[in-house]
Protein chains: 2
Amino acid sequence: MPMNKSSLYKGCLEPIVLQLLQTHRRMYGYEITQTVKEITKGELQITEGALYPLLHRLEAKGLLEAEIQLADNRMRKYYSLTKAGKEKTKSAIGELQVFMQTLEHLINLKLA
Amino acid sequence: MPMNKSSLYKGCLEPIVLQLLQTHRRMYGYEITQTVKEITKGELQITEGALYPLLHRLEAKGLLEAEIQLADNRMRKYYSLTKAGKEKTKSAIGELQVFMQTLEHLINLKLA
DNA sequence: GGATATACCTAATTTTGTTAGGTACACCCT
DNA sequence: AGGGTGTACCTAACAAAATTAGGTATATCC
């Protein structure tokens with residue numbers, strides 16, 4: 001079950017996760033993979049091998065903070081944006097929007 | 001001169017180049033970098049270290065064919081899409097459009 | 001003669017994702 | 001009791017692709 005046929009999402013995972021955490025306030029890893037799968041109707045399946053290391057990197061950079069919680073002998077590691085994370089999210093989303101406009105522009109080109 | 005602050009274009013270079021070759025019919029490497037820079041007003045600067053290896057890969061896969069031409073002691077290696085390349089372009093653009101819609105969907109989420 | 005632009009190239013490194021595991025517990029079913 | 005599935009975390013080996021930073025060579029302009 002690959003993320004996608006020809007991984008276009010490379011480089012976009014970070015802003016996607018940041019944005020999700022901004023709208024949901026607080027999420028754990030597995031929840032992120034399932035939520036994205038639902039929202040995108042299976043189009044984007046974030047692999048755990050990509051997600052967990054990313055979360056760890058973002059935490060190490062001080063953009064996320066983690067809190068472990070137990071329920072029914074189940075561990076959940078909840079992540080939320082730090083102040084720096086919120087700022088980073090803002091700029092990341094801005095860049096992503098510019099990126100999307102640029103992409104659309106490039107794709108809809110007709111020969112002059 | 002990096003391509004971008006935080007390279008979002010990572011997995012999208014191939015479809016972009018294919019699309020450009022479809023609309024322009026015939027281009028050489030340096031021309032591609034300059035054209036993209038102009039079209040995107042500097043937003044996307046394809047580095048040569050990314051482009052040339054990509055062109056070689058696409059040629060090796062039989063998606064592009066190359067033709068070297070000389071003018072004023074200047075070498076230019078013109079690339080154009082093969083039949084297989086045209087088909088690949090079609091599907092790549094389709095995937096890219098699905099990708100863009102998914103991205104937009106993810107970014108424009110509001111908390112339910 | 002030197003800077004800038006054109007025009008190709010590659011090698012080392014880094015980043016990021018894929019693939020493919022592993023642990024552990026809960027729940028359901030037979 | 002045992003097995004399958006789902007939840008929930010993790011990591012290591014590998015692969016792909018871009019970045020960084022070079023190199024060569026010629027033309028043009030000052």
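Per chain, numbering begins at 1; letters A, B, ... match sequence-line order.
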> Tell me: CD of E48(A) to C1' of dA20(C), nearest whole Å?
Replying inline: 12 Å
> Rounded to the nearest Å, what distance is computed from the CD1 atom of residue I46(A) to the P atom of nucleotide dA8(D)?
Replying inline: 16 Å
> R76(B) near the nucleic acid: base, sugar-phosphate alone, or nothing, with a heavy-atom cut-off under 4.0 Å?
Replying inline: sugar-phosphate
>> The side chain of Y30(B) is closest to which nucleotide in this list: dC8(C), dG17(C), dT7(D)?
In response: dC8(C)
> Which whole-number value in Å describes the distance from E31(B) CD to dA7(C) P?
Replying inline: 8 Å
> Looking only at atom types and distance, does a side-chain atom of S80(B) sit under 3.5 Å from a main-chain N or O of R26(B), one as donor and one as acceptor?
Replying inline: no
>> Counting only side-chain nitrogens and oxygens, does H56(B) get under 4.0 Å of the OP1 or OP2 atom of dT10(C)?
In response: yes
> Starting at the 5' end of DNA chain C and moving along, which residue's nearest nucleotide shows up first, R57(A) or M75(B)?
Replying inline: M75(B)
> To the nearest angstrom, how far is Y9(B) atom OH from dA17(D) atom C1'?
Replying inline: 17 Å
>> The side chain of Q34(B) is closest to which nucleotide in this list: dT6(C), dC9(D), dT20(D)?
In response: dT6(C)
> Can you find a side chain N or O atom of T47(A) that sits less than 4.0 Å from OP1 or OP2 on dT19(C)?
Replying inline: no
> dA7(C) phosphate, OP1 or OP2: any side-chain N/O from Y28(B) under 4.0 angstrom?
Replying inline: yes
>> Between R74(A) and R74(B), which residue's closest nucleotide on DNA chain C lies nearer the 5′ terminus?
In response: R74(B)
> Any idea which of dC10(D), dT7(D), dC9(C) is nearest the K77(A) side chain?
Replying inline: dC10(D)
> Do any side-chain nitrogens or oxygens of S7(A) fall under 4.0 Å of OP1 or OP2 in dT18(C)?
Replying inline: yes
> Nearest-Å distance, CE (M27(B)) to C1' (dT6(C))?
Replying inline: 15 Å
>> What is the distance, to the nearest angstrom, from the CG atom on L51(B) to the P atom on dA21(D)?
In response: 19 Å
> Counting distance only, does the side-chain N/O of T82(B) pair as donor-acceptor with the main-chain N or O of G85(B) below 3.5 Å?
Replying inline: yes
>> Which nucleotide wins on minimum distance to the side chain of K10(B), given the candidates dT7(D), dA18(D), dG17(C)?
In response: dA18(D)
>> Under a 3.5 Å threshold, yes or no: a donor from one side chain and an acceptor from the other, between E67(B) and Y28(B)?
In response: no
> Under 4.0 angstrom, heavy atoms only, what part of the nucleic acid is E14(B) near: base, sugar-phosphate, or nothing?
Replying inline: nothing
>> In whole Å, I'd like the distance from the CD1 atom of I32(B) to the P atom of dA7(C).
In response: 13 Å
>> Would you compute the distance between atom CG of L18(A) and atom CG of L58(A) and round it to the nearest 0.5 angstrom?
In response: 5.5 Å
>> At 4.0 Å (heavy atoms only), tell me whether G29(B) reaches a base, stays on the sugar-phosphate, or touches nothing.
In response: sugar-phosphate
> So which nucleotide from dC9(C), dA17(D), dC25(C) ends up closest to the side chain of N73(A)?
Replying inline: dC25(C)
> Within this structure, what is the CG-to-C1' distance between L70(B) and dA7(C), rounded to whole angstrom?
Replying inline: 11 Å
> Looking only at heavy atoms, which two atoms of A92(A) and P15(A) are closest? And how far apart?
Replying inline: CB-CB, 4.2 Å
> Taking the side chain of A50(A) as heavy atoms from C-beta outward, which of dA8(D), dA17(D), dG17(C) is closest to it?
Replying inline: dG17(C)
> Closest to the L13(B) side chain: dG17(C), dA18(D), dC8(C)?
Replying inline: dA18(D)
> So which nucleotide from dC9(D), dT6(C), dT15(C) ends up closest to the side chain of Y52(A)?
Replying inline: dC9(D)
> Can Q45(B) and Y9(B) be counted as having a side-chain donor-acceptor contact under 3.5 angstrom?
Replying inline: no
